[in-house]
Amino acid sequence: MPELPEVETWRQLAERSAVGAVIEQVHSADDRKIFDQNHPSSVSRKLKGRTIVATHRIGKHFWMKLDSGDDLYIHFGMTGSLHVLDPEEEAPSHIKLDLMLSNGSRMVYRNMRRIGKVRLVPDITVIPPVSTLGPDPLEQGIALKDLQECLMVRKGTIKGILLDQNVFAGVGNWIADEVLYQAKLSPHRTGTSLSPSDVKRLRTCLMRILNKAVAVDADSSKFPKTWLFHHRWGKKAEQDARGDAIQFDQVGGRTTAWVPARQL
DNA sequence: CTCAGTGTTCAGTG
DNA sequence: TCACTGAACACTGA
């Protein structure tokens, strides 16, 4: 579920509700799969008493800078989420990191299926996976010329390229499908097969979709009715908003929803 | 009971 | 060395 728009929405939530606050109490779950590099108790000890001074995001990767200089890095994986609760509000289940802040808010990181990470390091930007990420389309932008040069030499499918975080940071499965649908490109097309106008259309659609999704706080019920998103879920999704048939193929290692009648 | 599905990493292949 | 593919990971819900 979490792709760039959701993570950006959570970053904004953290920005307005946690920056400037002191972490007064910490509870880290005893989960060495989530806390894979620092022991959970070590994370708790190092977080307590620290002030959150900034929030950052590249692609789907999120972190908060502390006044100690360390970065608290959170990856949401497939089922992670970030919540800010009122003091009396009931907490959700599967909480992995629980922070009581000096402003009275309680910020929790939840992850049901345990594919996700919490790390505490001096500078997350200089180590993988963050250091190898491609440009974030919203933060750094994507230069058309760079994109064309990049795609010209790619032998793999465009779907696979869109999912490569070292090309575009933040595009996941449904956004890749949405971009290809709106750009009228088959997911099976290779990078080398794209014309300059194809690449331009691809870039325009990518930017439009990301900007719109972030503008509505990643609330999918507010996505435009014409998007494939609303029709692609469930094994027996049959047709898009125009009544054209949706086909499901395995492309780039993932289930890909597309409309052959509209995508060449 | 089986299996798809989320994102990333890693092993294997070319 | 690099580009690419496919499996593995943990778990829920269909």
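Lettering follows sequence order; numbering is per chain, from 1. In this text the structure is predicted, and so the values were computed from the model without any measurement.
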Legend entry - Whole angstrom value for the distance that separates C1' of C:dG6 from CD of A:Q250: 10 Å
Inset, instruction - Would you kindly give the NZ-to-C1' distance between A:K159 and C:dG6, to the nearest whole Å? - result: 15 Å
Legend entry - Minimal non-hydrogen separation, A:V167 against A:P135, with atom names: O-CD, 3.4 Å
Legend entry - Aromatic ring pairing A:F229/A:F223, orientation class (parallel under 30°, perpendicular over 60°, tilted between): perpendicular
Inset, instruction - Note the angle between the end axes of the helix from B:dT2-C:dA14 to B:dG14-C:dC2, five pairs defining each, rounded to 10 degrees. - result: 50°
Inset, instruction - Under 4.0 Å between any heavy atoms, over every strand shown, what does A:G253 touch: base, sugar-phosphate, or nothing? Just pick one. - result: nothing
Legend entry - Atom of A:V171, atom of A:Q165 and distance for their closest heavy-atom approach: O-NE2, 2.9 Å
Inset, instruction - Can you measure from CD (A:Q263) to CG (A:L185) and round to the nearest 0.5 angstrom? - result: 7.5 Å
Inset, instruction - Measure from CZ on A:F76 to P on B:dT8 and round the result to the nearest Å. - result: 12 Å
Inset, instruction - To the nearest Å, give me how far apart CG (A:L4) and P (B:dG7) are. - result: 12 Å
Inset, instruction - Starting at CG of A:L99, measure out to OG of A:S44 and round the result to the nearest 0.5 Å. - result: 8.5 Å
Legend entry - Distance in angstrom units between A:W233 CH2 and B:dA4 P, rounded: 16 Å
Inset, instruction - Establish, with yes or no, whether the OP1 or OP2 oxygen of B:dT8 is under 4.0 angstrom from a side-chain nitrogen or oxygen of A:Q165. - result: yes
Legend entry - Result of checking A:H56, A:H61, A:K117, A:R119 against A:Y73 for side-chain hydrogen bond (donor to acceptor under 3.5 Å, both in side chains): A:H61
Legend entry - Nearest-nucleotide comparison on DNA chain B, the residue closer to the 5′ end among A:L163 and A:T255: A:T255
Inset, instruction - Could you tell me whether A:K225 atom NZ has more than 12 heavy atoms of other residues or ligands within 6.0 Å of it? - result: yes
Inset, instruction - With sequence neighbours excluded, tell me which residues meet side-chain contact (heavy atoms from CB on, under 4.5 Å) with A:Q12. - result: A:E8, A:R16, A:V214, A:D217
Inset, instruction - Assign a letter to each nucleotide of nucleotides 7-13 of chain C from its 5' end: B, base within under 4.0 Å of a protein heavy atom; S, sugar-phosphate only; -, no contact. - result: --BBBB-
Inset, instruction - Taking all non-hydrogen atoms of both residues into account, name the closest pair between A:R189 and A:S195 and its distance. - result: NH2-N, 4.5 Å
Inset, instruction - Check side-chain contact (heavy atoms from CB on, under 4.5 Å) between A:D249 and all other residues, then give those that pass, not counting sequence neighbours. - result: A:H188, A:Q247, A:V251, A:W258
Inset, instruction - Show your working on side chain to side chain donor-acceptor pair (under 3.5 Å) between A:T79 and A:R114 and close with a plain yes or no. - result: CA-CA 8 Å; A:T79 56; A:R114 302 181 62 211; over 6 Å; no
Inset, instruction - Calculate the interatomic distance between A:K117 atom NZ and B:dT8 atom C1'; express it in whole Å. - result: 8 Å
Inset, instruction - Between protein and nucleotides 9-14 of chain B, map the contacts as a letter string: B base, S sugar-phosphate only, - none, heavy atoms under 4.0 Å, written 5' to 3'. - result: S-----
Inset, instruction - Give a yes/no answer on whether the side chain of A:H75 brings an N or O atom under 4.0 Å of OP1 or OP2 in B:dT8. - result: yes
Legend entry - Spacing between A:I34 atom CD1 and B:dG7 atom P, to the nearest angstrom: 15 Å
Inset, instruction - Could you state the atom-to-atom distance from CZ of A:R232 to C1' of B:dG5 in whole Å? - result: 10 Å
Legend entry - side-chain contact (heavy atoms from CB on, under 4.5 Å) involving A:R254 - partner list, sequence neighbours excluded: A:L163, A:N173
